[in-house]
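Just so you know, these numbers use all the heavy atoms, side chains as well, and skip hydrogens, waters and symmetry mates.
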Amino acid sequence: MEILAVLLAIVGLGLGYGGSTYVQKRKNAVNEDKAAKELAKAKKEADKLLQSARDDAARVAEEARKDEKSRRSELKELENRLVQREASLDNKLDELDKRTDKLRKGEDELEQLKNEIREIRGKQQEKLEKIAKLDKKEAAEKLLQMTERDIRNDLTGLVAKLQNEAREDAEERAGLIIATAMERMASEVTAERTVTSVKLEDEEMKGRIIGKEGRNIQALQRATGVDIMVDDTPGYIVLSSFDPVRREVARQALELLLKDGRVHPGRIEEVVAKAQKNVEKDVVRAGEDAAREVGVIGVPKEILHLLGELKYRTSYGQNVLKHSTEMAHMAGMIAEEIGANVKVAKYAALVHDLGKALTHKMEGKHHHISGEMLRKYGAPEAVALAAEQHHDDVEATSVEALIIRVCDAISASRPGARNISAENFVERMKELENIANGFNGIEKSYAISAGREVRVFVRPQQVDDLTAIRLARDIATKIESNMNYPGTIKVNVIRETRAIEFAK
């Protein structure tokens with residue numbers, strides 16, 4: 001039994017191995033068939049792709065051949081055009097060479113003709129010199145002498161006519177501009193005068209001001225630096241000082257003391273310190289108000305302070321600060337009319353008398369001090385020059401400087417603007433006549449129009465027309481160098497020829 005079981009087991013194993021082998025062979029056969037089919041399919045697709053690639057390559061090659069052919073034809077056409085242009089340029093160069101040769105020949109012929117003309121001209125000049133027995137220089141001099149003798153009278157009349165026309169036009173234009181500026185400028189005819197005296201309500205206050213053994217007045221003089229005269233004028237106390245600011249401090253301090261009634265050295269020091277602060281504020285405010293009134297901005301503080309001090313300064317009775325603001329308005333109007341720099345003209349007119357605030361402290365003329373101070377504190381150079389040149393001792397180098405001179409003369413010479421004594425007026429009139437009479441050929445002279453014109457009559461036998469013109473200029477120059485005067489003086493030289501004959 002055991003053997004039979006073993007045999008059956010062996011038979012089962014053999015059958016199992018054979019069956020699995022058979023099944024595996026069947027599977028392999030099926031897989032091989034599939035693989036063969038897939039391979040055939042892949043070969044067909046590869047053949048299609050290869051054929052498509054070949055077609056594309058053939059098409060690209062054909063297009064490249066066409067492009068190359070087209071480019072070759074374009075290059076050939078361009079080459080033909082270049083050849084034609086080169087030939088055209090060669091032809092033009094040949095033509096230019098021919099023209100150049102013709103021009104060169106023409107220049108040679110022209111130069112030859114010029115030489116011939118020079119020779120002919122020289123021969124003619126030699127013939128003329130032989131005939132006239134004069135060389136070229138002598139003939140020219142004689143011709144000039146004859147011409148001058150013939151046309152001298154005509155030239156004299158022409159010069160006089162041109163001068164009169166120019167003067168009339170200039171005077172008319174200048175008069176119109178100045179009149180317009182003066183019409184637009186409305187200000188007081190007489191400027192205020194600085195107060196240098198204090199009125200007393202009670203004469204007993206003089207005793208308080210003087211104090212015991214003069215202690216109060218001495219303390220007041222020491223604190224203010226002002227001389228105080230009590231007994232000279234009844235009902236008034238007179239203040240005397242070269243410094244207008246100190247004088248104003250003393251005036252305000254004295255008024256405060258009189259109002260308060262308490263007068264002693266300690267109180268005097270307090271009141272003077274208070275008055276100094278008030279005056280300092282007034283000075284700064286006056287300078288700022290003046291600059292604001294005329295429309296000038298950007299003025300340094302130091303210049304404004306000096307400008308404000310002019311409020312307490314007078315010149316011939318005319319308040320200098322009011323004179324300056326009035327000039328600034330007129331200078332702006334005139335500068336606008338003639339096309340000058342309005343800002344520079346206004347600025348310079350406002351500060352032109354700045355030196356008058358320092359003339360008691362510094363040596364020199366006030367307009368020189370004005371220019372120095374303006375440069376020191378940073379004012380524009382054009383402004384400093386115009387302010388410095390507003391008097392005749394410095395030559396005016398700008399239109400603005402001339403405007404300042406004109407405005408200064410207008411403001412100072414208006415009736416009532418300044419107080420000038422009759423004695424000085426008569427002396428000035430006599431001096432004008434004496435200067436004119438000092439020249440040769442003068443018959444008589446008169447100073448007229450309040451010294452604004454000197455009329456001179458000359459002897460016609462000694463002075464001709466040209467000499468009369470030169471004489472007027474010489475008289476004006478001598479007046480400018482020897483006299484000080486506001487505005488301008490007209491010199492009118494008159495030459496009158498009279499022919500008298502008697503019929504018998």
Side-chain angles (χ1 to χ4, degrees), residues 181 185 191 242-245 279-316 318-336 338 340-412 484 486:
M185 182 59 209
F242 288 104
D243 191 331
V245 178
V279 170
E280 185 70 18
K281 291 180 181 179
D282 290 341
V283 165
V284 175
R285 189 182 303 111
E288 293 176 350
D289 291 344
R292 189 182 303 110
E293 179 184 348
V294 300
V296 176
I297 59 176
V299 182
K301 293 182 179 179
E302 296 83 359
I303 296 177
L304 287 176
H305 189 277
L306 292 174
L307 185 65
E309 291 185 10
L310 297 179
K311 176 182 178 181
Y312 306 108
R313 180 65 186 262
T314 59
S315 177
Y316 296 100
Q318 186 180 30
N319 185 275
V320 179
L321 184 59
K322 287 190 175 183
H323 163 68
S324 299
T325 54
E326 180 183 80
M327 276 184 57
H329 286 299
M330 285 192 291
M333 297 173 193
I334 295 176
E336 186 177 0
I338 66 176
N341 191 320
V342 177
K343 183 177 179 181
V344 171
K346 280 189 172 184
Y347 198 158
L350 183 64
V351 299
H352 77 288
D353 276 345
L354 205 66
K356 288 186 177 180
L358 299 170
T359 49
H360 58 290
K361 299 178 183 179
M362 299 176 63
E363 293 184 359
K365 297 182 179 180
H366 73 276
H367 51 288
H368 296 297
I369 299 174
S370 297
E372 183 180 347
M373 291 296 103
L374 289 169
R375 292 186 181 93
K376 179 180 179 181
Y377 295 124
E381 180 62 21
V383 174
L385 281 175
E388 188 176 30
Q389 296 169 357
H390 79 273
H391 280 302
D392 294 336
D393 61 336
V394 182
E395 183 180 358
T397 58
S398 65
V399 179
E400 290 76 18
L402 293 173
I403 292 175
I404 305 307
R405 289 187 182 185
V406 171
C407 294
D408 190 28
I410 293 173
S411 178
N484 294 323

With a 4.5 Å heavy-atom cut-off, do I303 and Y347 have their side chains touching?
-> yes

If we ignore angles and hydrogens, is there a donor and acceptor under 3.5 Å between the side chains of H368 and E372?
-> no

Spatial distance of atom CD1 (I334) from atom NZ (K346) [nearest 0.5 Å] = 12.5 Å

Check: E309 and K356 side chains under 4.5 Å, non-hydrogen atoms | no

For V342 and A335 the tightest heavy-atom approach is CA-CB, 4.0 Å

Are any side-chain N or O atoms of H390 and backbone N or O atoms of A387, one a donor and one an acceptor, separated by less than 3.5 Å?
-> yes

For the student: nearest non-hydrogen atoms of A396 and R405, plus distance = N-NH2, 3.4 Å

Value for NE2 (H305) from CG (L310), rounded to nearest 0.5 Å, stands at 11.5 Å

With a 4.5 Å limit on heavy-atom distance, are the side chains of E381 and R375 in contact?
-> yes

Of all heavy-atom pairs linking A348 and A386, the shortest is CB-CB, 3.6 Å

Heavy-atom side-chain proximity of L307 to L321 below 4.5 angstrom = yes

Would a 4.5 Å heavy-atom cut-off, applied to side chains only, mark V283 and K311 as touching?
-> no

CD (E326) and SG (C407) are apart, to the nearest 0.5 Å, by 9.5 Å

If every non-hydrogen atom of V394 is compared with every non-hydrogen atom of Q389, which pair is closest and at what distance?
-> CG1-CG, 3.5 Å

Would you mind reporting whether D408 and M327 have side-chain heavy atoms less than 4.5 Å apart?
-> yes

Donor-acceptor pairs under 3.5 Å, side chain of residues 287-302 to any protein atom, not counting sequence neighbours: which ones?
from	atom 1	to	atom 2	distance (Å)
D289	OD1	R292	NH1	2.8

Would you call K365 and H391 a side-chain contact if the rule is heavy atoms closer than 4.5 Å?
-> no

Output for pair (M333 CE, I338 CD1), nearest 0.5 Å, gives 14.0 Å

Is there side-chain contact between L385 and S398, with heavy atoms separated by less than 4.5 Å?
-> no

Do any N or O atoms from the side chain of S370 and from the backbone of G355 form a donor-acceptor pair under 3.5 angstrom?
-> yes

Any donor and acceptor pair, going by atom type alone, linking the side chain of R285 with main-chain N or O of G308 inside 3.5 Å?
-> no

Flag, side chain of H323 to backbone of V320, donor-acceptor distance under 3.5 Å | no

